[in-house]
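So that the names make sense, note that chain A is the first sequence line, chain B the second, and so on, each numbered from 1. Hydrogens, waters and symmetry mates are skipped; everything else that's a heavy atom, side chains included, is used.
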Amino acid sequence: MSTIITRFPPSPTGYLHVGGARTALFNWFYARHTKGRFVLRIEDTDTVRSTQASVDAIFDALKWLGIDWDEGPYFQTQRFHIYAEYVQKLLDSGHAYYCTCSTEKVEAMRQQAMATGGKPKYDGTCREKGLAKCENAVVRFRAPQTGTTVIHDVVKGNIVFQNAEQDDFIIQRSDGTPTYNFVVVVDDICMGINTIIRGDDHVNNTPRQIMLYKALGAELPVFAHVPMVLGKDKTRLSKRHGAMSVTEYRNMGFLPEAMINYLVRLGWSCGDQEFFTREELIEKFSLEHIGRSAGVFDMDKLLALNADHIKATPPRVLTPHLMPFLKSNGYAAEEGDYLDQVILTLNARCKTLLEMAEQARFYYVDTVEYDPAAAEKVLKPECLDPLNQLLRHMEPLADFSITALEKVFLAVMETTGLKLGKIAQPVRVALTGKTASPGIFEIIEILGKTKVMNRLQQAVAYIENRG
RNA sequence: GGUCCUAUCGUCUAGCGGUCAGGACGCUGGCCUCUCACGCCGGAAACACGGGUUCGAUUCCCGUUGGGACCA
């Protein structure tokens with residue numbers, strides 16, 4: 001097999017949405033899996049809706065996902081001379097012709113065809129006229145009128161279309177601009193794309209494209225039409241289903257690895273495996289196991305996968321992803337042993353980095369604010385005795401390790417006759433402001449003697465004032 | 001309206017003629033436990049329907065119905 005060459009051709013008319021990201025991922029992973037090449041092409045021929053901001057947003061999203069490209073980015077607006085050349089080729093070989101039928105006239109044809117129960121299509125009025133180039137003329141492709149065109153689709157199998165259904169479609173408008181199906185084919189031929197993986201919303205375009213390949217004497221690429229991603233109500237994914245842009249998921253605290261894992265696993269499988277690292281995906285991704293039916297985007301599953309990835313990511317690898325959230329919460333956090341420990345106590349307790357940053361608050365603030373309900377429920381006068389005893393035992397301690405701390409708590413448990421839970425909860429609220437947190441000994445060890453004693457004293461004062 | 005695709009628990013899916021129809025998310029019962037999580041053990045939950053083909057269909061074929069897409 002020759003080198004696999006895939007491509008991703010986004011239109012820069014907005015952000016990169018999750019559906020687009022998924023097809024980009026399929027193409028990228030397939031190229032990487034086969035040690036082939038991946039080409040990026042920006043389809044910006046719709047000059048009205050295309051913007052530089054969108055181009056930048058798409059690059060940004062691809063970078064976050066870790067998708068790089070071996071060739072490009074190509075911009076279609078810079079390639080009009082190539083399209084013109086190919087139109088001429090088709091004209092010269094008799095595969096295309098000029099047509100001067102007005103849009104009104106063509107529309108009338110359609111109406112009439114519909115009325116008589118026929119297919120709405122161009123009737124070939126100018127087909128044999130041999131018209132020369134002139135003002136307001138479009139260029140039409142001379143499509144075969146009999147026989148069939150079949151797509152040998154890797155995921156859907158053979159899809160057969162009757163050529164009689166197909167009319168002589170336009171490849172160049174009267175203003176000289178080429179049409180979508182035409183430029184795609186020209187580009188894919190020029191760029192040597194031999195494997196096209198795209199959404200199955202394109203299958204109906206494919207017969208026209210195949211006809212163009214044949215007319216141009218080019219070898220057909222392998223087609224793999226992957227099913228769409230739908231929203232919860234099983235309609236095409238759109239804004240009302242929630243976030244669409246992949247970068248929004250970054251802002252919500254998702255790890256790119258989790259996003260990749262989720263998006264690729266949606267519509268593709270590898271036995272019962274659910275969790276994949278990027279490397280595993282490169283190793284295992286194949287076209288054979290792409291499913292044939294559309295899938296529903298499920299936030300809960302994404303969340304669960306994100307939790308799994310957060311748990312599996314070493315602190316130092318997680319740090320750069322977490323840092324923006326720490327900073328935006330105003331913490332003076334920095335990479336290092338302290339943050340490593342913080343992460344290790346939190347990584348099994350949150351589904352997103354946003355949550356993790358929130359839960360890390362008590363590690364970074366100067367004075368903890370008590371959650372009103374927590375203080376009300378836990379910081380009661382009867383806690384004064386155990387808290388004061390703890391303070392007394394800790395005071396002379398040089399070693400603030402977990403083992404040393406456990407001894408301190410044991411001693412207080414004995415003299416007070418209280419169970420660990422009764423002592424740990426007030427300490428927890430004193431140190432974190434909340435009733436839920438990582439293990440009490442871990443927190444104490446990480447926070448260190450000074451902060452712990454200060455916070456315990458603060459709690460004692462709080463209870464005394466309150467009483 | 002025409003064309004095309006599609007159909008296993010609520011969702012993502014395994015299955016590629018003979019399985020107690022498996023896993024994951026979510027839901028749920030329990031265990032662990034200093035709280036919350038994590039983890040572990042268990043539970044409820046699916047082959048859309050109707051015809052064929054076959055000794056035997058979730059699996060192959062044809063319809064129906066549902067869903068989706070594209071063109072208009």
Checking contacts here: which listed nucleotide ([options]) is nearest the side-chain heavy atoms of [X]?
X	options	value
A:K156	B:G68, B:U6, B:U35	B:U6
A:D300	B:C25, B:U35, B:C34	B:C25
A:A304	B:C25, B:C4, B:A7	B:C25
A:R292	B:U3, B:C34, B:A7	B:A7
A:L230	B:C34, B:C4, B:G68	B:G68

Would you be so kind as to tabulate the donor-acceptor pairs closer than 3.5 Å made by side chains of residues 373-381 of chain A, with sequence neighbours excluded?
residue, atom, partner, partner atom, Å
A:E376, OE1, A:R466, NH2, 3.3

Using a 4.0 Å heavy-atom cut-off across all strands, classify [X] as base, sugar-phosphate, or nothing.
X	answer
A:R428	base
A:I440	base
A:F161	sugar-phosphate
A:K377	nothing
A:P227	nothing

* **Short side-chain donor-acceptor distance under 3.5 Å, A:Q341 and A:E442** => no

* To do: Send over the distance from A:F409 CZ to B:U35 P, rounded to a whole Å.
  => 13 Å

* To do: Check the distance between B:A24's P and A:L303's CG and give it to me in whole angstrom.
  => 18 Å

* To do: Take the angle between the ring planes of A:Y331 and A:Y364 and call it parallel below 30°, perpendicular above 60°, tilted in between.
  => parallel

* Under 4.0 Å protein heavy-atom contacts per nucleotide of nucleotides 13-23 of chain B, with B for base, S for backbone only and - for none -> SS-------BB

* Do any side-chain nitrogens or oxygens of A:K234 fall under 4.0 Å of OP1 or OP2 in B:G10? -> no

* Asked: Does a side-chain N-to-carboxylate-O contact under 4.0 Å join A:R41 and A:E43?
  -> yes

* Asked: With rounding to whole Å, what would you report as the distance between B:U8 and B:A69 at their C1' atoms?
  -> 23 Å

Can you give me the N/O atom pairs linking the protein to nucleotides 39-43 of chain B at distances under 3.5 Å, or say none if there are none?
residue, atom, partner, partner atom, Å
B:G39, OP1, A:K311, NZ, 3.4

* Asked: Taking for each residue the nucleotide of RNA chain B with the nearest heavy atom, is it A:R236 or A:F297 whose nucleotide lies nearer the 5' end?
  -> A:F297

